[in-house]
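Take a look at the structure below.
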Amino acid sequence: MPFNIKNFLLSRKIHITLICLFVIGFLMSLVGIPGSLDAQLIYSESFAKQFFESLTPQEIKRYHNNELLDLLFILTYTALFYQLLAKVKPGKAAIRAFVP
């Protein structure tokens, strides 16, 4: 059966995954620290060291929580990508896409 984007987008699993992505992204925007290393395209070792030394204990906790949310975000969009691959290439082909 050929891939049908309309059926894919109407799938309940896709809706749940997309809602999770939006919620996690929103939470990251609330928890995140302005000027964080994640917001920098590139940074030096001295900049990173200075950034971490300038954080208060409360900011360290916020940074930690933001990094956990970031990992959850990565896992969620990976699940979305896998669901798309599983529809386009059913079977083990989708799993092989994640194996180097």
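If you chain together ILVMFWY residues whose side-chain heavy atoms come under 4.5 Å of each other, Leu75 ends up in a group of its own.
Note on residues 19-28: no pairs pass side-chain hydrogen bond (donor to acceptor under 3.5 Å, both in side chains), not counting sequence neighbours. Residue pairs satisfying the ring-ring contact (aromatic ring centres under 6.0 Å, His included) criterion with at least one member in residues 29-62, sequence neighbours excluded, are listed as follows: Phe51-Tyr63, Phe52-Tyr63.
With sequence neighbours excluded, the residues forming a side chain to side chain contact (heavy atoms under 4.5 Å, CB included) with Ser46 are Ser44, listed by chain and number. Taking Lys61 as the reference, Asn65 meet the side chain to side chain contact (heavy atoms under 4.5 Å, CB included) condition, with sequence neighbours excluded. With sequence neighbours left out, Thr76 forms a side chain to side chain donor-acceptor pair (under 3.5 Å) with no residue at all.
Under the 4.5 Å side-chain heavy-atom criterion for Ile, Leu, Val, Met, Phe, Trp and Tyr, Phe81 and Ile16 are members of distinct hydrophobic clusters. Hydrophobic cluster membership differs between Phe73 and Leu37, with clusters built from Ile, Leu, Val, Met, Phe, Trp and Tyr side chains linked at under 4.5 angstrom. Ile33 and Leu69 are not part of a single hydrophobic cluster, where members link through side-chain heavy atoms under 4.5 Å apart. Val31 and Leu55 fall into different hydrophobic clusters, where Ile, Leu, Val, Met, Phe, Trp and Tyr side chains are chained together by heavy-atom contacts under 4.5 Å. Linking ILVMFWY side-chain heavy atoms closer than 4.5 Å, directly or via other members, places Leu18 and Ile74 in a single hydrophobic cluster.
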Atom pairs and distances, donor-acceptor, side-chain atoms in residues 20-30, under 3.5 Å, two or more places apart:
from: Ser29; atom 1: OG; to: Phe26; atom 2: O; distance (Å): 2.6

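In this structure, Ser36 OG and Arg62 CZ are separated by 10.0 Å, a value rounded to the nearest 0.5 Å.
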